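A quick note: this is a predicted structure, and the numbers were derived from the prediction, not measured.
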Amino acid sequence: MSLLRACARAPGMSVDVIQSDVIEPTAGVRRTLIVLSGIGGSAVYEFTWSIAGVGLPHMQGSFSATPDQIAWVMTAFIMGTVITIACTGWLSDRFGTKRVFLTSIAGFGVSLFMCGIATTLHEEIAWRLIQGIFGATLLPLGQSITVAAYPPDRHGAATAVWTMGVIGGGIMGPVIGGVVVEFMSWPWMFFLNIPIAFVAFFVALAVLPDTKPDPDVHLDAFGLATIIVAATAFQILFGRGERLDWFSSGEIIIECAIGVLALYLFVVHSLTTDRPFFRPALFRDRNYSLGLIAAMANGAIATLPLVVLPLMLEQMAGYPVLEAGILLFPRGIGLIVVSLIVARYDHHLPPRYVMLFGFALTLASGYAMTGWTADVSATEVIWTNLVQGAGASAMFISINALAFSTLKAELKTEGFALYYTVLFAGATIGIAVIVGVFTRMTQVATSVVGAHINPFNERFRILDLPEIWDHTDVAGLAALQQQVAVQAQMISYSDSFVAAAAISLVALPIAFLFRDPPPESQQT
C-alpha cells in the first residue's frame, strides 16, 4: 500500500472537516497567501508546543515547583487541546471555517501574552489550558485550508507542504527556545510567537474566503459533554494521582468515579441515540480500532523528549539551556529523513512493517537511555534523539495510513476527530505515567541509596573517598546527602526511560493485528 497516498486521502482531519464545496481551489499569489496562513496557524501551535519543553527547568525555578508540578504546564496545554479538537468539524460547519480559524488564532495570541506575564504556577497552568482550547483547531483547520487551496489531484503534495511547514516549527522550537531562554528569559518563548500569530491572523482575514455557517448542523451536546468530562477527570486523576498517593486520597476516588460514570453515560448514550457524537460503527472497523490503541501509545511515547529530557539534560547533566535545545534538534532531523524516505519509496514499504520499524526504533532508543548517567555525553544524546525522531515519523505515518485504510468515507470526519482526541489523550497519560514513575522512584531510590550512608558501612573505610564526603563531619554529611539526591534522581530518570521503552514494547505486536488494506486503497 502507498503510505503517502493513504495519508493524503486521510490528512489530519482532512478537507472533509471544512466545507470544501464552498472553498474553491485558487492559484497565484492568493493561493500562496492562503497556504501561508494555514501553515502559519498550525506552525504557531506546533512551535509553542515544542519550545515550552526547553524552558521547563527555568519555569520550575521561577515558580518554585517540583517536577510533577511543572509537568502540568505541558499537561494543561494538551488537556485544552483534547477538550476542543473533537468538535472541530462541528465548529467549522456551524460558524464557518474562516471565523473559527480567526477566533482560534486571536485567542491563541492572547493566551501567549498571558502565559508570558503569569506570576504563579496556577496562572500559568490556567492560561496554558486556555491556550490548548483555542489552539486545538489550528492543526486540523490549518491543514484543511492548505489542502483546499489546491485542486484534488494535488492534495497529496499540499499535505506534504503543510507537513513540512509544521515539522519545521517543531524542529526549530527547541533550538530557538534554548537561545531565547539563554539570552533573554523564559516568558519570551511565548512573546516570540505573538508576531507569528499576528501575521497569520491578518493574512487569513484578508485572503481566506468566507464559508456559509450552517445554524442547523447537529451537535450531540450530551455526548460531547460526557466525553469531555470523562477525559478531563481521567487526565486530572493521572496527573495528581502520584502526588496524592492514588486511591488513598478522596479526591482521586471522586475523580475516578466521575470519569467512569461519564464514560459509561457516553457509551450508553452513543448506543441508544439516533445521532451520537461518535457513531458505534467506527469501532466495528478493526483497523481503525487498532489504530486508536496505537495512536494512544504513540502519543504517550512522544511526550518523553518534550518533558523529561530537558529537565534531565539541564538539571542532571548540567548542559546549559542553549546546548540542551541543540541536543534535542536531531529529533527533528530524524523526523524529516524518514518522512522523505517514505515519500520516495512509499510503493515498496508495507505500512505494517513501517510501524514495526517505528516502534522498534523507539524501543531501542528508550533502552539505550536507561543506561545514561549524569555524565551522559552529547554524542549519546544526539544519536538517541535522532533515532527517536525517525521512529516517531515512521509510527505516525504508518498508524495514520492503516487506521483509515478500511474506514468508510462517511465515517472519516468523525474518525479523524476521535483519532486526534485519542492521540492527545495518550500524550497527557504519557506525561502522567512518566512523571509519576519519576516521582515515586525518586522517593524509593533516595531511601535505598540513603540507607547505605551510615558509619557502619565498611566501604567508607575501605574506599578512597573524597574528603568532602567525610561522614564524620557535618559538611561532609551534607555533601553526601546532596550526592544521594542526585543519584536518586538519575535513577528515577532511568526508570522513566524504562517506562517509555515498555510502552513501545507492549504496543509493537499491534502491527501484526492490522488487516491488509483493500486493493482500491493502493490506487490513485
Enquirer: With no hydrogens and no angle check, just 3.5 Å: does a side-chain donor-acceptor pair link T97 and S92?
Expert: yes

Enquirer: Determine yes or no for a side-chain-to-main-chain donor-acceptor pair under 3.5 angstrom, with S42 supplying the side chain and I39 the backbone.
Expert: no

Enquirer: Please report the shortest heavy-atom distance between S398 and P351, naming the atom on each side.
Expert: CB-O, 3.3 Å

Enquirer: Working to the nearest 0.5 Å, report the span between CG of L309 and CG of L327.
Expert: 10.0 Å

Enquirer: Between CG of N287 and CG of L290, what distance do you get to the nearest 0.5 Å?
Expert: 6.5 Å

Enquirer: Mind checking side-chain hydrogen bond (donor to acceptor under 3.5 Å, both in side chains) for E255 and listing every partner two or more places apart, or none if nothing turns up?
Expert: none

Enquirer: Determine whether more than 12 heavy atoms belonging to other residues, nucleotides or ligands lie under 6.0 Å from atom CZ of R99.
Expert: no

Enquirer: Got a donor-acceptor contact below 3.5 angstrom from the T362 side chain to the F359 backbone?
Expert: yes

Enquirer: Are the side chains of E124 and C115 in touch, meaning some heavy atoms are under 4.5 Å apart?
Expert: yes

Enquirer: Got a sec: does the CZ of F198 have more than 12 other heavy atoms crowding it under 6.0 Å?
Expert: no

Enquirer: When you compare the side chain of M59 with that of M189, does any pair of heavy atoms fall below 4.5 Å?
Expert: yes

Enquirer: Answer whether the closest heavy-atom distance between the side chains of R286 and T406 falls below 4.5 Å.
Expert: no

Enquirer: Flag the pair F278 / S270 as yes when at least one side-chain heavy-atom distance between them is below 4.5 Å, and no otherwise.
Expert: no

Enquirer: Quick one about Y45 and T81 (side-chain donor to acceptor, distance below 3.5 Å, no hydrogens or angles considered), yes or no?
Expert: yes

Enquirer: Go through Q388 and N385 one step at a time and tell me if the side-chain contact (heavy atoms from CB on, under 4.5 Å) criterion holds.
Expert: CA-CA 5 Å; Q388 272 187 352; N385 268 275; 4.1 Å; yes

Enquirer: With a 4.5 Å heavy-atom cut-off, do D220 and R275 have their side chains touching?
Expert: no

Enquirer: Dump the intermediate steps for side-chain contact (heavy atoms from CB on, under 4.5 Å) on L328 and L313, then the final yes or no.
Expert: CA-CA 10 Å; L328 295 176; L313 292 175; 4.2 Å; yes

Enquirer: Applying side-chain contact (heavy atoms from CB on, under 4.5 Å) to Y419 and Y288, what does each step give before you reach the verdict?
Expert: CA-CA 9 Å; Y419 178 84; Y288 181 77; 4.2 Å; yes

Enquirer: If we ignore hydrogens and angles and just use 3.5 Å, is the side chain of T88 paired with the main-chain N or O of I85 as donor and acceptor?
Expert: yes

Enquirer: Flag this pair as yes if the NZ/CZ of R128 is under 6.0 angstrom from the six-membered ring centre of F77 and inside a 45 degree cone about the axis; otherwise no.
Expert: yes

Enquirer: What's the shortest heavy-atom distance between T384 and V381, and which atoms?
Expert: OG1-O, 3.0 Å

Enquirer: Quick check: do L292 and L418 have side-chain heavy atoms less than 4.5 Å from each other?
Expert: yes

Enquirer: Any idea which heavy atoms bring S111 and Q131 closest together, and the distance?
Expert: OG-CG, 3.1 Å

Enquirer: Can you tell me how far apart OG1 (T120) and CD1 (I125) are? Round to the nearest 0.5 Å.
Expert: 8.5 Å

Enquirer: Please report whether the ring centroid of F101 lies less than 6.0 Å from that of F201.
Expert: no

Enquirer: For a 4.5 angstrom cut-off between non-hydrogen side-chain atoms, does L112 reach L192?
Expert: no

Enquirer: State the CD1-CZ distance between I130 and F108, to the nearest 0.5 angstrom.
Expert: 12.5 Å

Enquirer: Just by distance, do the side chain of S62 and the backbone of H58 share a donor-acceptor pair under 3.5 Å?
Expert: yes

Enquirer: Does a sphere of radius 6.0 Å around CZ in F191 hold more than 12 heavy atoms from other residues, nucleotides or ligands, not counting ones at 6.0 Å or beyond?
Expert: yes

Enquirer: Do you know the tightest heavy-atom contact between I105 and A197?
Expert: CG2-O, 3.2 Å

Enquirer: Between F113 and W127, is the ring centroid distance below 6.0 Å?
Expert: no

Enquirer: Report the distance from atom CD1 of I382 to atom CZ of R331, rounding to the nearest 0.5 Å.
Expert: 15.5 Å

Enquirer: Is it the case that the side chain of T273 and the backbone of H269 share a donor-acceptor pair, with hydrogens and angles ignored and the cut-off at 3.5 Å?
Expert: no

Enquirer: Does L208 offer a backbone N or O that forms a donor-acceptor pair with the side chain of K98 under 3.5 Å?
Expert: yes

Enquirer: What is the minimum heavy-atom distance between D285 and A403, and which atoms define it?
Expert: OD1-O, 4.5 Å

Enquirer: Considering all heavy atoms of both residues, which atom of A300 and which atom of I503 are nearest to each other, and what is their separation?
Expert: CB-CD1, 4.0 Å

Enquirer: Do M355 and I399 come close enough that some side-chain heavy atom pair is under 4.5 Å?
Expert: yes

Enquirer: Give a yes-or-no answer on whether the side chains of T119 and E123 include a donor-acceptor pair shorter than 3.5 Å.
Expert: yes

Enquirer: Determine, stepwise, if the pair T232 / M79 fulfils side-chain contact (heavy atoms from CB on, under 4.5 Å).
Expert: CA-CA 7 Å; T232 303; M79 282 180 61; 3.8 Å; yes

Enquirer: Among residues at least two apart in sequence or on other chains, which ones pass side-chain contact (heavy atoms from CB on, under 4.5 Å) with L91?
Expert: T84, C87, F95, V100, T137

Enquirer: Counting distance only, does the side-chain N/O of S37 pair as donor-acceptor with the main-chain N or O of I34 below 3.5 Å?
Expert: yes

Enquirer: Rounded to the nearest 0.5 Å, how far apart are CE of M296 and CD1 of I301?
Expert: 12.5 Å

